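Counting starts at 1 for both ligands and their atoms, following the listed order. Values in this document were obtained by computation on a predicted structure and should not be read as measured data.
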Amino acid sequence: MDHEDTHNRGPSTDLRTPILAIRHAICFTCLQAFPTLKKCVACKRVSYCSPKCQKIDWQRDHKKTCKVLAESNKRRAETPRTSRSWEQYRSEKWLDIVAFKAQNPKFTEAQQRILLYEPFCRHCYRSAPQLESRNQLRPCQICHIAAFCADCSQEHPASECKTFQAIRQDETFAIQHFQMTRRDFEILCTEQPRETYLPLSTAIGWHDYFTRISDKAEFLLEVTSEMQPATDDLTAVKLAGLMRLASGTSSMALTVLAALEAVFPDISTRTTVKLHFIGAADPELNSLMVFEELLHLLPSLKGLELTFVGFELPEPSAEDTAMKLECCPTCTAASRTRSLRLWKGGYHDYVNIDGYEKPDLAVAFHTGFSQEMKEEWLPTIQYLAAAPHPTLFTSYNEKEMEEETTILDGIGANFLQPAEINKWGGLCPMLEVMEEKEGSFYFMHQYRYLVAGKDT
Ligand SMILES: [Zn+2]
Ligand SMILES: [Zn+2]
Ligand SMILES: [Zn+2]
Ligand SMILES: [Zn+2]
Ligand SMILES: [Zn+2]
């Protein structure tokens with residue numbers, strides 16, 4: 001966990017604004033819960049525990065953001081003050097965000113998040129500026145994420161509340177963890193490399209993996225098979241929180257291993273594995289240590305060669321040599337190695353450089369190629385559909401997965417494994433507020449599929 005390469009790359013230094021803060025459940029600055037919070041009187045979109053926290057945020061950011069939010073309130077207040085459908089709510093919010101981006105070309109992700117996750121009544125879909133002045137939104141007393149206006153029922157479906165409670169619990173843990181470590185992620189590998197190969201495919205899920213394949217059984221004594229704390233005991237809550245947070249990074253290593261097992265019947269005897277990560281960026285760079293898990297679960301593996309290719313990578317250093325990544329003491333003593341090569345640009349260009357070697361497996365995590373930067377992705381996707389090696393794709397939700405597989409199908413890709421829910425998707429649900437279906441949420445690497453050129 002405490003490893004060179006996670007430090008060298010610099011762990012991320014800011015936490016994405018928690019939904020709990022945007023929904024007025026915690027102070028916007030110190031991110032703690034209090035019996036009462038005071039809203040900024042100008043925008044009413046952020047709440048603070050004290051004048052001190054308000055002042056800190058004002059100087060840090062809110063001086064600028066307050067104006068942006070007040071403009072959004074004005075736009076919201078110009079819309080009808082009557083109950084609307086989810087569909088109408090979505091399109092209004094969409095217009096609000098389009099207007100916000102047009103007026104604030106230098107918008108920040110944090111500002112956009114405040115607009116995106118604004119509180120609204122779960123039944124009539126009105127946000128605060130659309131309510132009569134005496135009517136106020138009140139949060140659900142159980143999850144603190146859903147809200148209700150005074151005219152509507154003060155309840156929402158139990159299953160939705162349960163997911164929101166999980167989001168609240170995961171965010172609360174992530175905040176504490178960030179305040180202690182300055183990291184918004186955690187890496188929890190198998191401590192000691194396994195001496196015998198136990199296929200990951202034999203594990204029924206995360207709990208089974210952590211207990212039987214990894215070595216975290218003692219962490220799981222008070223954690224349920226759904227990876228929730230079994231009791232309210234602080235240790236149980238913390239351990240479940242830690243493992244749930246770590247699933248976000250472990251998901252990368254396990255999803256890759258599951259694909260390697262699916263493609264190579266001899267994976268347990270291979271001595272080297274070459275992986276190319278396409279579209280790699282901060283999530284991969286910040287979590288390099290998590291790939292050590294492949295060495296720890298594949299006892300015969302001696303060398304793991306990672307290549308990251310993507311537009312968002314840092315500028316290349318002068319010499320194009322593979323960096324040696326540090327391994328744990330046991331792997332180092334056994335002369336096992338991990339290396340990393342970085343290449344800034346598109347994969348379809350990378351394959352043309354001198355010295356290109358095809359990978360055993362290419363990995364394209366969360367490209368979202370059907371949604372964003374379609375033009376930039378197209379040549380790479382066309383290359384991969386005919387590539388002489390398999391490619392693992394993951395997506396956040398079903399819609400992206402369906403769009404992507406339709407595109408790949410259309411250009412003649414061969415599906416080695418059809419799209420399916422990924423057993424090794426992350427455990428923390430993330431709220432999706434712009435989907436056609438109300439109350440949607442997604443997970444890291446929720447869907448996965450494997451593609452290869454026709455002749456591989
Ligand atoms: Zn505070
Ligand atoms: Zn304000
Ligand atoms: Zn309402
Ligand atoms: Zn609730
Ligand atoms: Zn190791």
Side-chain angles (χ1 to χ4, degrees), residues 1-6 17 21-22 24 27-29 37-48 51 53-74 80-86 88-89 110-111 114-115 118-132 134-140 146-156 187-195 214-215 253 288-304 324-339 438:
M1 207 186 293
D2 189 27
H3 195 268
E4 277 303 311
D5 57 32
T6 57
T17 313
I22 302 171
H24 304 285
C27 170
F28 209 82
T29 303
L37 295 168
K38 275 217 167 80
K39 289 193 174 87
C40 167
V41 285
C43 67
K44 301 191 180 70
R45 291 284 197 104
V46 292
S47 300
Y48 306 100
C53 274
Q54 178 158 23
K55 203 173 158 200
I56 293 172
D57 190 39
W58 183 258
Q59 279 159 1
R60 178 180 67 178
D61 174 71
H62 197 65
K63 206 191 311 181
K64 284 185 218 123
T65 302
C66 191
K67 283 186 217 129
V68 169
L69 297 172
E71 279 160 19
S72 164
N73 287 343
K74 227 164 94 193
R81 294 189 168 231
T82 47
S83 149
R84 65 255 289 132
S85 66
W86 172 252
Q88 283 169 314
Y89 168 78
Q111 291 174 335
I114 302 176
L115 297 187
E118 65 160 348
F120 62 92
C121 173
R122 170 63 183 74
H123 303 293
C124 65
Y125 304 113
R126 289 181 294 174
S127 52
Q130 295 162 333
L131 296 172
E132 306 77 22
R134 286 168 160 272
N135 193 345
Q136 275 199 9
L137 289 174
R138 299 213 178 280
C140 167
F148 317 108
C149 79
D151 296 340
C152 294
S153 156
Q154 304 292 300
E155 283 175 22
H156 65 132
I187 295 173
L188 204 61
C189 286
T190 301
E191 202 70 30
Q192 279 302 313
R194 287 192 59 87
E195 283 168 16
S214 185
D215 45 15
L288 281 172
M289 193 59 199
V290 82
F291 299 106
E292 178 108 351
E293 187 68 354
L294 295 172
L295 289 173
H296 289 199
L297 298 187
L298 294 170
S300 66
L301 194 60
K302 284 292 215 181
L304 179 63
K324 215 174 144 242
L325 299 177
E326 209 175 310
C327 288
C328 78
T330 314
C331 288
T332 308
S335 313
R336 305 174 92 186
T337 59
R338 296 192 303 144
S339 65
E438 185 189 350

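Inclusion of H296 in the first shell of the Zn ion (ligand 5) is supported: an N, O or S atom falls under 2.8 Å. Among the atoms of C331, an N, O or S atom falls under 2.8 Å from the Zn ion (ligand 5).
C40 contributes SG and H62 contributes NE2; the angle these two atoms make at the Zn ion (ligand 2) is 110°, rounded to 10°. To the nearest 10 degrees, the Zn ion (ligand 3) sees SG of C124 and SG of C152 at an angle of 110°. Rounded to the nearest 10 degrees, the angle SG (C121) to the Zn ion (ligand 3) to SG (C149) equals 120°.
Looking at R194, its side chain never comes within 3.5 Å of a backbone N or O of H296 through a donor-acceptor pair.
Remark: the Y89 side chain and the E438 side chain contain no N/O donor-acceptor pair separated by less than 3.5 Å. Using modelled atom types and a 3.5 Å distance limit, the side chains of T190 and E293 yield a donor-acceptor pair.
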**OP:** Check step by step if side chain to side chain contact (heavy atoms under 4.5 Å, CB included) holds for H156 and F148.
**Re:** CA-CA 9 Å; H156 65 132; F148 317 108; 3.7 Å; yes
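Considering just the N/O/S atoms of E292, the one nearest the Zn ion (ligand 5) carries the name OE2.
A salt bridge between R126 and E132 is present, with a side-chain N of the basic residue lying under 4.0 Å from a carboxylate O of the acidic one.
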